[in-house]
Protein chains: 2
Amino acid sequence: MIDKQSPIPIYHQLEEYIKQLIESGILKPDEAIPSEREYSEQYQISRMTVRQALNNLVNDGYLYRQKGRGTFVNKQKVEQKLQGLTSFTEDMKERGLVPSSRLISFEIIPAEPQLARKLDIKENTPVYEIKRVRMADNLPMALETTCLPANLVKGLTEEIINKSLYQHIEEKLSLTISEATQQIEASIAKETEVNHLQVESGSPVLLIVRTSFLEDGTPFELVKSAYRADRYKFVHTMQRATK
Amino acid sequence: MIDKQSPIPIYHQLEEYIKQLIESGILKPDEAIPSEREYSEQYQISRMTVRQALNNLVNDGYLYRQKGRGTFVNKQKVEQKLQGLTSFTEDMKERGLVPSSRLISFEIIPAEPQLARKLDIKENTPVYEIKRVRMADNLPMALETTCLPANLVKGLTEEIINKSLYQHIEEKLSLTISEATQQIEASIAKETEVNHLQVESGSPVLLIVRTSFLEDGTPFELVKSAYRADRYKFVHTMQRATK
DNA sequence: CAGTGGTCTAGACCACGAA
DNA sequence: TCGTGGTCTAGACCACTGT
């Protein structure tokens, strides 16, 4: 189980081992795991090394500790992997749906004042504007407009955006996507949305405006989406601030 | 600076000290802080203790490390405190609005199957059910139903919920609120919502269902809210997962 | 009381970065 | 080569929990 000769740190081996036991269900929620001293003896490693492994698992939410009692398995967060900043493609796959798109338009336009401000570029700087109907299992899910500064996200083609824009940005352009802020509101479908989403007029839609940032804080993407309210629910987790 | 006789752990004292230097701007972004061995010698404490302090600051995003180079100050996250899990009261205050409430009902009821499942309690366990119209600057903002297990969040009174439920839970009951998952969708106002929110029939509303958890993963709160779409937008930030 | 996690020590060797 | 962070050891004492 633990190989002291391995180049992989011992604490990391122990971490992966315990993680496996939890994810496979061998260790059940609220069940106590062996004490730090037991691990230490069993594998002939220092207690501090055991603690380093357990600390990481506590930070990752796999375990929790209780003074004087022991260390216990946390409830599995089912949605654990749903988390984080994902593209539409990634999002749908996680939901077990097959994503696809119908391209409405794909052009380079000069940035309007409002758009320029949000992307932190000068007015009339060229930006890609991509309008698409996003589908899941071949049913219309959302109407989406994506804007990207052309000098930052270079050489976009229809083929690239049909595969995976995020993958292109991260792997081909070697940029690191860091975070995004989203504004989410409810509205009634406008006429273009009624047409493209194939809903009745008066139907509710979930509007999501996302601004995405690279590691250094540069905004690289503004996405406006209108999701069919009857098919889409936005799910996320948030932490309580430590005061 | 460091008091070895204090009941406060040394690593925590060092942590607070460094945090202060960063927040006050004495240590600037990308500036190197003293090495672990320097701290260790200067304050006559073990290097492992220094590492414990620095580890926590790295996890909290105050510092970053580079092998063979040193430990450096991270850029300040401006929105750091805007983020995270907040109560309606806290949310409105952050938006510069004055929060208030009109109580519709406040009772103890037996948990229905669906509610029991979400709160991870047995069917018919008593729960507090609180229905309120939430106001901002004296205008109706949301219709909200909160359910809390009565044996967990004990001794609730109308006065407490009018002040601050989260403060009561954290300070009086000494429970640690950890995180929440939310489901957000768009809908059309139902009749009760039309009446309480004073909107026209057919108006869109933003539905938010929140389940909140304590540190050990116990759910302690289920909140269903219907926000007026013309007055409320949900804003949040999310991180790209590190693959 | 014994066992647990929380804190702390005083060393050690390693891989890496910079000069 | 020297200083850095990364990993690891073999102990220690404490406060807390359950019996």
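Sequence lines set the chain letters: A, B, ... in the order given, protein chains first and strands last, and positions in each chain run from 1.
Rounding to whole angstrom units, CD1 of residue A:I2 and C1' of D:dC8 are separated by 13 Å. Atom NE2 of A:H12 is separated from atom C1' of C:dC14 by 18 Å (rounded to the nearest Å). Counting to the nearest Å, the P atom of C:dG5 and the CD atom of A:E36 are 5 Å from each other. We find that CG of B:N56 is positioned 12 Å from P of C:dG6, with the value rounded to whole Å. A:Y39 has its OH atom 12 Å from the P atom of C:dT4, to the nearest Å. Taking atom OH of residue A:Y11 and atom P of nucleotide D:dT7, one finds them 3 Å apart after rounding to whole Å. Counting to the nearest Å, the P atom of C:dT7 and the CD atom of B:Q13 are 12 Å from each other. Atom CD in A:Q5 sits roughly 13 Å away from atom C1' in D:dC8 (whole-Å rounding).
Listed candidates were C:dG5, D:dA10, C:dT9. Nearest to the side chain of A:S46 is D:dA10. With distances taken from any side-chain atom of A:P9 to the nucleotides C:dA10, D:dG6, D:dC8, the minimum falls on D:dC8. Comparing D:dG5, C:dT9, C:dG5 against the side chain of A:R51 picks out C:dG5 as the nearest. Which of D:dT7, C:dT4, D:dT9 sits closest to the side chain of A:S35 comes down to C:dT4.
Looking at every heavy atom in both residues, A:L63 comes nearest to A:I22 through CD2-CD1, 3.8 Å.
A parallel orientation is assigned to the rings of B:Y64 and B:F72, their planes being inclined by less than 30° (bins at 30° and 60°).
No side-chain donor-acceptor contact under 3.5 Å links B:E123 and B:T125. Using modelled atom types, one finds no donor on one side chain facing an acceptor on the other under 3.5 Å when comparing B:E144 with B:Y227.
Nucleic acid contact for A:L54: none, since no nucleic acid atom lies under 4.0 Å from a heavy atom of the residue.
One finds no side-chain N or O of B:T49 lying less than 4.0 angstrom from the OP1 or OP2 phosphate oxygen of C:dC8. Side-chain N/O atoms of A:Q52 include one lying less than 4.0 angstrom from OP1 or OP2 on D:dT7. Of the side-chain N and O atoms in B:K4, none sit less than 4.0 angstrom from OP1 or OP2 of C:dT7.
B:K93 pairs by the side-chain contact (heavy atoms from CB on, under 4.5 Å) definition with B:T89, B:P99, not counting sequence neighbours. Judged as a side-chain contact (heavy atoms from CB on, under 4.5 Å), and not counting sequence neighbours, the contacts of A:K233 are B:Q183, B:E185. In terms of the side-chain contact (heavy atoms from CB on, under 4.5 Å) criterion, residue partners of B:P34 (sequence neighbours excluded) are, by chain and number, B:E38, B:Y39.
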### Task
Check step by step if side-chain contact (heavy atoms from CB on, under 4.5 Å) holds for B:L115 and B:E129.
CA-CA 11 Å; B:L115 177 62; B:E129 189 200 66; over 6 Å; no
### Task
Evaluate side-chain contact (heavy atoms from CB on, under 4.5 Å) for A:L156 paired with A:L165, printing each intermediate quantity in order.
CA-CA 9 Å; A:L156 278 194; A:L165 175 59; 3.9 Å; yes
Contacts under 3.5 angstrom, residues 8-18 of chain A side chains, donor-acceptor by atom type, not counting sequence neighbours:
from	atom 1	to	atom 2	distance (Å)
A:Q13	OE1	A:D3	N	2.7
A:Q13	NE2	A:D3	O	3.0
A:Q13	NE2	A:I8	O	2.9
A:E15	OE1	A:N56	ND2	3.0

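For the helix from C:dC1-D:dG18 to C:dA18-D:dT1, the terminal axes (five pairs an end, C1' atoms, rotation from four pairs onto the next four) enclose an angle of 10°, given to 10 degrees.
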### Query
What string of B, S and - do you get for nucleotides 12-19 of chain D, 5' to 3', when a contact is any protein heavy atom under 4.0 Å?
B---BBS-
